[in-house]
Amino acid sequence: MGDATGGGAQAPAPQTDKKKPAKNRYRSTLNLPSTGFGMKANLVQNEPQSLKRWQKLGLYQKLREMGPSQPNGRFVFHDGPPYANGSIHLGHLLNKCLKDFVVRTRQMAGYDCPYVPGWDCHGLPIEHKVMTELVESGKIDKLNGLEEDTRRLAIRRECEKYANKFQKLQTGQMQRLLTVADYDNPYLTMHHAYEGAVIETLAGMVAQGLVFRALKPVHWSIANETALAEAELEYKDREDPSVYVDFEAADAGAVYDAFGLGVNAEGAEGGEDAEEASGGGEEDSGSGSADSAFESGRPMQTPSFMIWTTTPWTLPANMGIAVHPRFVYALVRMDGNVTVVARELVEKVAKIGGAEDVEVLAEVTGDKLVGLRYRHAFVEELPRFREDVRETAPEKVWTVLSAEYVTLEDGTGLVHTATGHGADDFNTGLREGLPVYCPVLEDGRYDDTVPRWLQGVGVFDANPMVVKRLRESGHLFHHHEYSHSYPHDWRSKTPVIFRATEQWFIGVEKQTKRDGKSLREMAMRAVEAGGGSVRFVPEWGRNRMRGMLENRPDWCISRQRAWGLPIPAFFTADGEVLLTSASVRAVAQVFREEGSDAWFKNDASHLLKHYRVDQDPDVPASVASSLRDAIDSVTKSGDILDVWFESGSSWNAVMRERSKSEQHPEGEDFPVELYLEGSDQHRGWFQSSLLPGLAVTGSPPYKTVLTHGFMVDRDGQKLAKSKGHTIESLFEHHGADVLRWWVASLPYEGDMKVDEEFFRLAGESYRKIRNTLRFMLSNVESKDSGTASASTPAPTSLDALVLGELDMLRERVVGAYLSYNFREAHGRLYDFCNDTLSSVYLAAIKDRLYCDASGNARRAQAEHTLSVLVDGLCKLLAPILCHTSDEAYRALLQVDQKDAETCIHLLAFNGETGVTPDEGWARVMEARDQALLALERIKESGLDNPLDAMLVLPDPDGTLGRFALEDLADLCGVSLVTLEAGDEGVRVEDLRERHPRCERSWKRGPDVRERSDGGMLSDRDAAAVGVQ
RNA sequence: GGGCGUGUAGCUCAGUUGGUUAGAGCGCGCCCCUGAUAAGGGCGAGGUCGCAGGUUCGAGUCCCGCCAUGCCCA
């Protein structure tokens, strides 16, 4: 076994080996395949060499030089910037391969396809990591001693180093993936010119009147003391106290009136009267605990409104209680307390609280409760609300409100509303005029507007304190620990809170100055079906985008961090704001010249050196005078921009910018042809690009949005990051071409299962392609085909058949490529190699390749066809198997190893071969199928080698008669074929007794006989050997 | 809880506007070849189309509900 090849020198040669030469006495007269194109790919060693060769060639640059002469013009794909953090993973692998497929297929289809790769460099993930390292190395204390701007500059220096490091690492990995892009000249969001262009984009939005500052609850990370974008949250399970709290009615009579209970039911409207009545009622309830006590048909107790919350710490900020206007609410007595709960939830609530004695006293719809007042459970007096830009109605605090979002899923059907701590709450408060009250500071501790016992306490520490307090004061109906999905800061993994803060926003409902349409209107129009200008692949991406645009809130673009682009706003000593289109542009110019570090190094007079306040029509007069009189008193904003705004400006910072520098007419590359990212980017980059694009230019930044799904494990579950295959190990075990071949096979629209075994399977599939190429190469390279030159093959020749199939393949594969259906292309290429080539054509022509004499026209024709096939197939494979296709192509042309100039990636897909196969081929292949079945069946009778058989094929309409019988025999793998006019079905005849077997070709036939050299040979083989 | 997807042989996937017996590759089984040989070829067995209803002469395909799962959001 193992020593059959290696041990030959020592061990005596086995007898069987000695016999071989006799059996193969004509072997040396054959034209057997041989090639330097190895069966083993050695991708791990050889791919880096291809990469070097392409770099020496300057492949990307060469392609750009060819650009202007491409027949189909420009096709601009715009790369979404991955975050410059960590190693690339399977998601990047998928994403980058798909992008590379797009660019390479378009390029080879005759388009000019620049591909500028980008990296997202600013932002919290890097800053967080850097801060962590600074803490671990102990350098943080030194930093914290610095003045704020200096401190930030120091952090930013570290962040920049970090981003550069990973941008380089990822570049190397992407190159190792064999993607072709302008890696020498990428865009980084921290480049000065990029920064300037982002701020100019912001200026465009300011000019449209879309940017404003407001108090608004945002997701707030206590750990990082910053507002977070939706994209910076992750939802994890968390245990919180679930509390059911009774808020006593301020006016018991009014509540009983609302429920139609007792004497005053008719005249329930009398507010003044009711208030007095309630005063008495409360005192009564304090002393009398008899649950049967009624007075005039009403309970003696003061009724309560029962709310449910899992964030007791927000209770100090309670501003109202929301009910659904159409739900039915019950006035219910539970173990002596009288309270209000949604009717449908009475039983559930009673059970949870363990109430034994439950009695519904009355029912009424929610709208009847609206306007009733209540008393806060532990806050005695309203705090003094800070003055606000919004008009508020503090007198409405602590009343029952109406809200449609109230559900009966959980809780009591009455919703605790804290305008400073929830989005729904905020919106309700906005509608009702409630103040936005947020007594929580940046570090998560209460300020001094809350009751004394809570002041300075952290909110999560406050939870048990609040619960305890409520229990002691008798307001707590029930409390238990509750596990639920809760948003966490994706970096620090700590729970976030909703906290109202002053932030910068881009308003999606605000009217643009251009035509009065809001961003939401413009966006919805851009992505609407039919008239919308944006195409979605797959089409359902449109609905997904629309759904998100329909209800997306205003875009909070400010962050309280160091590693990012400053929001170029200034404040006068009076607290007035300077943020006009012209002032922003002026700062943008400074950033272009000096980078955004300039913000932290300089004061207003330098940052505004390009600003002409007298020429700015938008600046408020008082701000203008402050600037003129005392520019030194003007302070800089401490906020930075949401990184999504930076990447969302890339259409401006990269595509328009480059159009200018490459001296294309302005705007030629805008909007770009294609954005291609994971489906999570419907809310991310697709939107963060769409909104600024629309605001600034009036049109969407892209014509087509293509999305792909995500990798899941073999059971369809979310991929655990920890057990992820590292890119390095994938390269090491499989090679880039195999990985690319695998990506091409994926139905990327949905979830894709990934498993080590799938890479192995892709490797096997790859090997079949490689072997097919190898076999063809091994038969064209021999080049002893003499002088016979190939002509256009006859329509009935095997060559016409296969070349016709090649044309069809090319049409379908290129069609699939251009419609981004790489999977279909992959499948068709694979099937072509296995079926059309390996099983049919290559099997059929072996005899003529091996046995026909050198110079034989039939053989020369086949050899020529092989070169056409390799050439055409390599080009079709090139966008996917970029190493292997180039390797095979170079083998075909027998290019010297040192030659870097010859490269398949500089070429285009071929045109048609010009060959038209005979229409009868379909009938031939049908006959072949039947013949193979017949041959299979005859095996049972002992005739199991098809070369021992003759086929009698029925040919009722004479179609088969047009074809060479030898070709038909080769196609079916038999020695002889005859035709008969009838329609009896295929017959198989045994030739073993009838004709001897040719020792050279192994075929049986009537012309096989003993020749002058003593061998049994057919006429063809005798002539080839040169014997009589 | 909401929006958008996905669920078809053991595995990975095709299944056009509803219409014969639901296809392919891999794997598996049997066989051939040993001049593509750590290759190549032939044949075959595998499916209650996630579950449950409905529309229809007819449903993998259309409608409703449920279950599982992915992304995004609450």
Side-chain angles (χ1 to χ4, degrees), chain A residues 5 20 23-24 26-28 30-35 37 39-40 230-231 233 235 405 407-410 422-424 484-487 538 540-553 678-684 687 707-719 742 745-747 749-755 757-758 760-762 764-765 767-768 770-779 823-824 826-827 830-831 834-835 837-840 842-844 846-847 849-851 928-929 931-937 939-940 943-948 972-973 1000-1002:
Chain A
T5 49
K20 263 193 173 171
K23 191 182 175 190
N24 293 325
Y26 293 106
R27 198 175 200 277
S28 61
L30 293 171
N31 175 39
L32 290 179
S34 98
T35 174
F37 186 86
M39 179 177 274
K40 198 167 182 323
E230 281 86 350
L233 301 176
Y235 286 78
Y405 59 79
T407 71
L408 297 174
E409 299 291 331
D410 292 302
D424 284 337
H484 61 149
S485 176
Y486 191 87
W540 52 254
R542 184 186 306 283
N543 278 340
R544 181 163 189 177
M545 190 95 176
R546 289 178 66 80
M548 289 173 174
L549 285 167
E550 247 161 20
N551 54 24
R552 73 153 293 154
S679 66
D680 56 339
Q681 299 303 333
H682 283 104
R683 181 161 288 272
Q687 248 189 85
T707 55
H708 57 77
F710 288 81
M711 300 288 179
V712 294
D713 68 19
R714 59 185 309 158
D715 302 317
Q717 308 280 114
K718 185 205 277 269
L719 211 54
W742 171 69
S745 77
L746 298 170
E749 299 87 346
D751 305 327
M752 291 148 284
K753 292 187 181 175
V754 57
D755 192 82
E757 194 202 351
F758 299 160
R760 201 176 49 72
L761 292 173
E764 281 178 28
S765 161
R767 249 163 265 134
K768 296 209 66 160
R770 183 175 181 88
N771 264 322
T772 305
L773 285 170
R774 177 177 131 92
F775 181 70
M776 293 194 287
L777 286 169
S778 68
N779 286 294
R823 181 180 161 76
E824 187 194 337
H826 169 277
Y830 183 71
D831 289 347
N834 283 301
D835 300 343
L837 294 181
S838 207
S839 168
V840 178
L842 299 180
K846 278 184 193 175
D847 174 75
L849 289 173
Y850 298 171
C851 304
R928 177 178 181 269
D929 288 342
L932 292 176
L933 281 172
L935 286 167
E936 196 63 30
R937 263 180 249 118
K939 281 181 182 172
E940 287 171 18
L943 178 57
D944 45 15
N945 185 346
L947 279 179
D948 291 335
C972 300
R1000 185 165 178 270
S1001 69
W1002 299 338

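We name chains A, B, ... by the order of the sequence lines, and we start the count at 1 in each one. Just so you know, these numbers use all the heavy atoms, side chains as well, and skip hydrogens, waters and symmetry mates.
Rounded to an integer number of Å, the gap from Arg542(A) CZ to G5(B) P is 12 Å.
Asp680(A) comes within contact range of the sugar-phosphate backbone alone, with a heavy-atom separation under 4.0 Å but no base atom that close. Residue contacts for Arg928(A): at a heavy-atom cut-off of 4.0 Å it reaches no nucleic acid atom on any strand shown. Lys939(A) comes within 4.0 angstrom of a nucleotide base, judged by non-hydrogen atoms across all strands. Counting any heavy atom pair closer than 4.0 Å across all strands shown, Leu933(A) reaches sugar-phosphate atoms only and no base atom. Among the protein residues, Ser839(A) comes within range of the sugar-phosphate backbone only, with heavy atoms under 4.0 Å from sugar or phosphate atoms but none that close to a base. Residue contacts shown for Asn945(A) are limited to sugar-phosphate atoms, with no base heavy atom under 4.0 Å away.
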Which nucleotides of RNA chain B pair, in dot-bracket form (Watson-Crick or G-U under 3.5 Å, | meaning another strand): (((((((..((((.....[...)))).(((((.......))))).....((.((..]....)).))))))))).
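By the ring pair (Phe, Tyr, Trp, His ring centres under 6.0 Å) test, His708(A) pairs with no residue at all, sequence neighbours left out.
Annotation: cation-pi pair Arg770(A)/Phe37(A) present, NZ/CZ under 6.0 Å from the ring centroid and within 45° of its normal.
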Annotated protein contacts, base or backbone, on nucleotides 61-66 of chain B with a non-hydrogen cut-off under 4.0 Å, one of B, S, - each: ------
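Proximity note for Asp831(A) (side chain, C-beta onward) versus A24(B), C71(B), U34(B): the nearest is A24(B).
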